Amino acid sequence: MALATCLGSFILLIFYFQSHLGSAEEQFLGGRWHGKPRRSPLQSLYDSTQLEPSSIQAKHQRRRELLASTCKTYTRKRRVLTSDDLKHLVVDDTHGLLYCYVPKVACTNWKRVMMVLTGQGKYKDPSLIPANEAHIPSNLRLLSEFSTPEINYRLRNYLKFIFVREPFERLVSAYRNKFTRTYNTAFHKRYGTKIIERHRRDPSVEALEHGNDVTFEEFLYYLVDPVTQREEPFNEHWERVHSLCHPCIIHYDVVGKYETLEDDAEYLLQLIGVGDSFKFPSSSKTTRTTDGMAAEFFKTVPLFYQRRLFNLYKMDFLLFNYTVPHFLKIH
């Protein structure tokens, strides 16, 4: 009976748009934004008073429609959401926002922005917040921390947004950051030693001990190895976006892209009503992983593994309208 009760509560999450809250919860969350008569970012997004949408509004509408259409085509059965599914959704009760963070897609800067939005004046400029502080769990609240009625209310009434990136460029970025930087010893020990043990012939004792010289090919072999996912879920830095943020279950109102980050961030901040208060932090272009860089990394990857890797990340390509990278040999 306890199991059935729990299952029933989580089923509510999928059908959040049909559920209802009591008046106390509505009064607590539904009244005002910044002390003004309530006009949430969600209402601003779907405002129908403008007869002709701007070019950026039309672009985001096309992204929503494509995402919904692709989900309908490839998703045969909607599964039940669990609390673990909501651990990447950052909550901003002040402005009515849910942000699903995707590592290696400007998520440090978006977390900085969310800290400014939720900090009640503690932070003024997101660019001044240290990167390590943006990743301290206690600095931001996640949707998984709330009760089922509270989760349902936020899913129905808050603007939900996500930022995505070309899947293989994101993968190369994750490899460069986690396996080629000397300071990431925790990743070397946790993943590097395992990868070398399984996918390198005659590894040295030093490599097995430190795991700090994993090659890109070895990293890819690890990803496509069926044993890997049987043992444990992917790390969030290379997990597929559709597995982190569940876009075929949770309806995202804004789908931003890393490739159009500045324009999409400005559009979103204007929707929230803070576009004149601060700007989205700029990223270092000298360390950024580019398309050309990704092409160099994939140059020596055998065709067999290119195909297997593409199949692994295929849904991210389809859902977010990314074409097969020009540097792949597959068709």
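Not measured: the values here are computed from a predicted model. The chain is numbered in sequence order, starting from 1. Just so it is clear, the values below take in all heavy atoms, side chains as well, and ignore hydrogens, waters and symmetry mates.
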### Message
Restricting to disulfide bond (SG atoms under 2.5 Å apart), what partner residues turn up for C71, sequence neighbours left out?
### Response
C248
### Query
What do you reckon, is NZ of K314 surrounded by more than 12 foreign heavy atoms closer than 6.0 Å?
no
### Task
Could you note down all residue pairs passing disulfide bond (SG atoms under 2.5 Å apart) where residues 108-161 supplies at least one of them, sequence neighbours left out?
none
## Note on the structure
salt bridge (Lys or Arg N to Asp or Glu O under 4.0 Å) filter on E296, not counting sequence neighbours, yields K299
### Query
Do any pairs count as a disulfide bond (SG atoms under 2.5 Å apart) and have a residue in residues 112-194, sequence neighbours left out, and if so which ones?
none
### Summary
disulfide bond (SG atoms under 2.5 Å apart) pairs touching residues 78-190, sequence neighbours excluded, are C100-C245
#### Entry: Pairwise disulfide bond (SG atoms under 2.5 Å apart) hits with a residue in residues 111-147, at least two apart
none
## Note on the structure
Residue set satisfying salt bridge (Lys or Arg N to Asp or Glu O under 4.0 Å) with D213, at least two apart, ordered chain then number -> R200
### Message
If the condition is ring-ring contact (aromatic ring centres under 6.0 Å, His included), which residues does F161 pass it with, not counting sequence neighbours?
### Response
Y99, W110
### Query
Among all residues two or more places apart in sequence or in another chain, which pass the salt bridge (Lys or Arg N to Asp or Glu O under 4.0 Å) test with R198?
E231
### Query
Has K160 got its NZ or CZ under 6.0 Å from the middle of the six-membered ring of Y252, at an angle within 45 degrees of the ring axis?
no
### Summary
Sorted by chain and number, sequence neighbours left out, salt bridge (Lys or Arg N to Asp or Glu O under 4.0 Å) with R165 holds for E169
### Query
With sequence neighbours left out, what residues match K257 under side chain to side chain donor-acceptor pair (under 3.5 Å)?
none
### Query
Does atom CD of E206 have more than 12 heavy-atom neighbours from other groups under 6.0 Å away?
no
### Message
For R181 and N184, which I'm curious about, is there any donor-acceptor pair between the side chains at under 3.5 Å?
### Response
no
### Under the ring-ring contact (aromatic ring centres under 6.0 Å, His included) test, residues paired with H188 that sit two or more places apart
none
